[in-house]
Amino acid sequence: MLVSPWCWSTSPSLLDFSLTTPLAETLPNHSWWFFSIRWEEEKTDDGVKWKQLEHKGPYFAPLYEPLPDDVKFYYDGKSMKLNVATEEIATFYAKMLDHEYTTKEIFQNNFFHDWRKEMTSEERKKIKHLEKCDFKEMHKYFVDKNEARKALPKEEKQKLKEEADKIQEEYGYCILDGHREKIGNFKTEPPGLFRGRGDHPKMGMLKKRIMPEDVIINCSKDSKTPEPPSGHKWKEVRCDNTVTWLASWTENIQNSIKYIMLNPSSKLKGEKDWQKYEVARRLKGVVSKIRSQYRADWKSREMKKRQRSVALYFIDKLALRAGNEKEEGETADTVGCCSLRVEHIKLHPELDGQEHVVEFDFLGKDSIRYYNKVPVEKPVFKNLQLFMESKDPGDDLFDRLNTTVLNKHLQDLMDGLTAKVFRTYNASITLQEQLKALTNAEDNVAAKLLSYNRANRAVAILCNHQRATPKSFEKSMQNLQAKIDAKKEQLAEAQMELKRAKADLKAKKDVKSKAGRDRGHATDKEENKQIALGTSKLNYLDPRISVAWCKKFGVPIEKIYNKTQREKFAWAIDMADEDFEF
DNA sequence: GGCTCGACTTGGAATGAGTACG
DNA sequence: CGTACTCATTCCAAGTCGAGCC
């Protein structure tokens, strides 16, 4: 039986977990849960048991409120009163008027097409061209409304906050296996215009309002079924404890299922997270064998094996994603390793004094560009030339390979091994190594944190976690530089004074340390310009590495993880001591 | 095998709240 | 005391991967 590292919040100190405990095949099946808005505590020998009394299901987006009469829509210069349903969709577009989306033709066309579908036949007869639609008054109405809300007096804001808290309290929790757990997303998504990323062919399409009739409720048999909002019915109520979702619905853009699930702080999610890192740690034990194996396969007689081994090399060395096939025309054209096309790489026998350089240039997940020039081993280079022979730019680089084939192979190499485990493994091991290399035990906490951020950043760069340079970046950077200059000046002055009077020594020190802090801050900020650290921290770095590092170097964990992150990583904070090794 | 679907993780942007600063 | 900036939270899109079907 698996010993869970995680403890319920009511008894966090009960933990008694050996780090070497092997993972059982599966985590224990959770039993039942309930949506819950009221509950009572019941004392038992194990502590507090939550008993659910009443439950509500998901929180639905508020209904549309028609615009005041004086906010007008104009078609071809003439004001026109729209039917409520038509007006609602118009407001979705009006709200986005100063967003780049509305300048894109695909967005405009998709929106207009879907909008016209929902119009009355009279409206449809009149409204034939988007360019003739004037949403400016509507747009202004929402901008003003927003500003009015921001300018609300303190008490009013407080009131709004309390209302939100009440909703969170009523809808935001469920009972799972007798414990109260926070739900991640307890609200259905509101209607609006689909905002696909990159060149998404469906951007601007109408995302329909989710009704109770669309929603499947999943709760235990012996629980009271949540009441649908009055006058409505659920699509279905089912009792399936082999899955972890509490409710679901099918969205109309891609026809995919959306789920309501638990918050990362929950025991269920925490155990899964832990399990993920344990798989990655097992990879650590066999990775050198796997590497020699794929190196050997570079020379295989089978084309399929050669492709597989080169792809695996990329996944391992560059932390590329697996790269599933995608349905053409349904989504933006993005690729991962297995779906790379000839046009995405360039081969340079020699470049900038290096041999066998592969230049990658492709759009990955979320249409984030991956651009990298990498020297590779000679057999890899030769193989790539072979794979590209007599192919067109649009052809698959690995025509004999897909993620299913690759993952089947990986499964044979190690139980539970898939392509994404390499990303987790390489990210975590890199953090551990970088921390070892960069941390100075004699440094103060601020300097240690700078080292931590640098280690974190090395991982983010490996995983290509980018972000748009914040708009305010340049300006705020200049301000920081000005501050540093000012401090330097002060420092110089202080030094002059020192010569005159020893008494000024203390003041000088204060200024000097402050200047140092700002310099650290600026360095950190500059280095971080386009790199997002959050994703790797949240999804790829075994939190026990960070916990151990904090303990070892006397850095408070709060400096690394904020409140939410500490909740998510509660299992690791409980589990890891300073000797933890990934 | 190929294809679709379901369930779950991963991801950057938008939004909101908090805080430092002038 | 407002405002500008930072950091946290929310949002929901976009991946991964296995199962089940034919």
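The sequence lines fix the lettering, A, B, ..., with proteins before strands; numbering per chain opens at 1. Values in this document were obtained by computation on a predicted structure and should not be read as measured data. Hydrogens, waters and symmetry mates are skipped; everything else that's a heavy atom, side chains included, is used.
- For B/dT9, neither phosphate oxygen OP1 nor OP2 lies less than 4.0 angstrom from any side-chain nitrogen or oxygen of A/Lys420.
- A sub-4.0 Å separation between OP1 or OP2 of C/dA13 and a side-chain N or O of A/Gln254 is absent.
- Within the structure, every side-chain polar atom (N or O) of A/His99 is placed at least 4.0 Å from both OP1 and OP2 of B/dA13.
- Contact between the side-chain N/O atoms of A/Thr418 and the OP1/OP2 oxygens of C/dC17 is found at a separation under 4.0 Å.
- Note that A/Lys207 lies outside the cation-pi zone of A/Phe194, set by a 6.0 Å cut-off to the ring centre and a 45° limit from the axis.
- Nucleotide B/dA17 holds its C1' atom 14 Å from the CG atom of A/Leu160, rounded to whole Å.
- Here C/dC7 presents its P atom at 18 Å from OH of A/Tyr561, a figure rounded to the nearest Å.
- Between A/Lys182 and A/Lys365, the residue whose closest nucleotide on DNA chain C is further toward the 5' end is A/Lys182.
- Side-chain contact of A/Tyr294 with A/Asp316: a donor-acceptor pair under 3.5 Å is present, judged by distance alone.
- Taking only side-chain nitrogens and oxygens, A/Asn324 comes nearer than 4.0 Å to OP1 or OP2 of C/dT16.
- Residue A/Asn407 is classed as a sugar-phosphate contact, given heavy-atom separations below 4.0 Å to backbone atoms only.
- Side-chain nitrogen and oxygen atoms of A/Lys202 include none within less than 4.0 Å of the OP1 or OP2 phosphate oxygen of C/dA13.
- Contact annotation: A/Thr535 reaches the phosphate of B/dG12 (side-chain N/O to OP1 or OP2, under 4.0 Å).
- Rounded to an integer number of Å, the gap from A/Lys150 NZ to B/dG16 P is 8 Å.
- When rounded to the nearest whole Å, the span between CZ of A/Arg423 and P of C/dC17 equals 11 Å.
- The side chain of A/Tyr259 contributes no N or O atom lying less than 4.0 Å from OP1 or OP2 of B/dT9.
- By the 6.0 Å and 45° rule, A/Arg180 stacks over the aromatic ring of A/Tyr173.
- Side-chain N/O atoms of A/Lys326 include none lying less than 4.0 angstrom from OP1 or OP2 on C/dA14.
- For C/dA13, neither phosphate oxygen OP1 nor OP2 lies less than 4.0 angstrom from any side-chain nitrogen or oxygen of A/His200.
- Look at A/Arg467 and you won't find any side-chain N or O under 4.0 angstrom from OP1 or OP2 of B/dG11.
- Residue A/Lys187 contributes atom NZ, which lies 5 Å from atom P of C/dC11 at whole-angstrom precision.
- Contact annotation: A/Thr244 does not reach the phosphate of B/dA7 (side-chain N/O to OP1 or OP2, under 4.0 Å).
- Considering only side-chain N and O atoms, A/Lys258 lies nowhere under 4.0 angstrom from the phosphate OP1 or OP2 of B/dG6.
- Distances shorter than 4.0 Å separate none of the side-chain N or O atoms of A/Ser248 from OP1 or OP2 on B/dG6.
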